[in-house]
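A quick write-up on the structure given underneath.
Just so you know, ligand 1 is whichever comes first in the structure, and atom 1 is the first atom listed for that ligand. Values below: all heavy atoms of this structure, side chains included; hydrogens, waters and symmetry mates excluded.
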Amino acid sequence: MLKGKTALVTGSTSGIGLGIAKSLAAQGANIIVNGFGDSKTPQDELAALGVKVAYHGADMSKPADIEDMMKFAASKFGRVDILVNNAGIQHVSNIEDFPPERWDAIIAINLSSAFHTTRLAIPAMREANWGRVLNIASAHGLVASAGKSAYVAAKHGIVGMTKAVALETATTGVTCNAICPGWVLTPLVQKQIDDRSAREGITVEQAQKDLLGEKQPSLQFTTVDQLGGLAAFLCSPAADQVRGVAWQMDGGWTAQ
Ligand code: NAD
């Protein structure tokens, strides 16, 4: 279905980004991987699906790096047809104790990076009259939790930007949508479970149960494969008129 298309997935060396990259590769899309840590294993796993794979290590907090990555993508594969703005970080503390540099980093990586990739990707998408921008927001793009002021601000911001870009591209073959996962068991969430276990003197298993019980009525994690399936759907012709949505996949979190 996506053969001949190129997907750039920010933060795809791990977690949700890698899951979405695999799902798009399974549909035939070539992939540009981005993110920190081991980049070879994800590239090998994606190449095993029979698509072309390239890697760019741009730091999403740095606009100049992002510009370089977008130029690299164009030179490697012609253009970016599918842009998945996924890279993200978290920091938990009450606002009075929130380190200003963590606020700046979260806004830069979770929100401003998507502004830069999107502004640079849209012209070629418009020219081709086809494109998909998928912004990985969060249940925290729709509702808040204590201790997450920066993350909630960034995720609400990206949901807003999604709607604006969807309107700007509404008469074209380019769509822009957000995906709002609930808890997904990735390194980003494992850290919160480990911190909770240490803070409350409970087992990691109990901390995991409590974390789900507090917010996610299904009491089950959303999986990266499920998110990959939704991303593939949003890239399909059936989703041509899905524009500007913030689509929850959160086990009922935001239905409460
Ligand atoms: P993760 O920590 O497993 O992956 C984050 C990815 O982003 C990694 O590839 C990492 O290398 C990359 N990254 C981090 N900082 C970067 C930077 N400065 N430049 C480039 N790459 C960078 O986390 P995840 O849980 O897979 O999160 C992915 C996205 O999904 C994030 O935007 C997160 O907010 C969102 N999300 C996660 C959950 C969850 O429960 N895990 C829920 C809702 C939304």
Yes or no on salt bridge (Lys or Arg N to Asp or Glu O under 4.0 Å) for D68 and K71, after CA distance, side-chain angles and deciding distance?
-> CA-CA 5 Å; D68 194 61; K71 279 190 197 135; 5.9 Å; no
Taking atom types as modelled and ignoring hydrogens, do the side chains of T175 and D240 form a donor-acceptor contact shorter than 3.5 angstrom?
-> no
Min N/O separation I109 to ligand 1 under 3.5 Å | no
Would you say the side chains of H56 and D65 form a donor-acceptor pair under 3.5 Å?
-> no
Within 4.0 Å of some non-hydrogen atom of N34, the atoms of ligand 1 are 20 (C), 21 (N)
P187 to ligand 1, any heavy atom closer than 4.0 Å | yes
Report the nearest protein non-hydrogen atom to atom 15 (N) of ligand 1: residue, atom name, distance rounded to 0.1 Å.
-> I89 CG2, 3.7 Å
Out of L111, V33, V189, D59, whose heavy atom is nearest to atom 39 (C) of ligand 1?
-> V189
Should the proximity of I16 to ligand 1, defined as any heavy atom under 4.0 Å, be assigned to the side chain, the backbone, both, or neither?
-> both
At a 4.0 Å cut-off, with the gap strictly under it, does some heavy atom of Y151 reach an atom of ligand 1?
-> yes
Where on A58 is there a heavy atom closer than 4.0 Å to ligand 1, on the side chain, on the backbone, on both, or on neither?
-> backbone
Nearest-neighbour protein heavy atom for atom 21 (N) of ligand 1, which is reported as residue plus atom name and distance | G35 CA, 3.6 Å
When you check the side-chain N and O atoms of D194 and S197, is any donor under 3.5 Å from an acceptor?
-> no
Which protein non-hydrogen atom lies closest to atom 5 (C) of ligand 1, naming both residue and atom, and how far is it?
-> G88 O, 3.9 Å
Quick one: does Q256's side chain have a donor or acceptor within less than 3.5 Å of a partner on W253's backbone?
-> yes
Does a donor on one side chain and an acceptor on the other come within less than 3.5 Å for D225 and T223?
-> no
Shortest protein contact, atom 44 (C) of ligand 1 (heavy atom only) | A137 O, 3.1 Å
For residues D97 and S93, is any side-chain donor paired with an opposing acceptor at under 3.5 Å?
-> no
Sidechain-backbone polar pair: Q216 side chain, Q220 backbone, donor-acceptor under 3.5 Å | yes
Where is the nearest protein heavy atom to atom 27 (O) of ligand 1: which residue, which atom, and how far?
-> L188 CD1, 4.1 Å
Contacting atoms of ligand 1, where contact means under 4.0 angstrom from a heavy atom of N86 | 28 (C), 29 (C), 30 (O), 31 (C), 32 (O)
When the aromatic ring centroids of Y151 and W103 are compared, is their separation below 6.0 Å?
-> no
Could you find the nearest protein heavy atom to atom 1 (P) of ligand 1 and give me its residue, atom name and distance?
-> S14 OG, 3.7 Å
To which protein heavy atom is atom 7 (O) of ligand 1 closest, and what is the distance rounded to 0.1 Å?
-> G11 CA, 3.4 Å
Would you mind finding which of Q90, K155, M60, H56 brings a heavy atom closest to atom 19 (N) of ligand 1?
-> M60
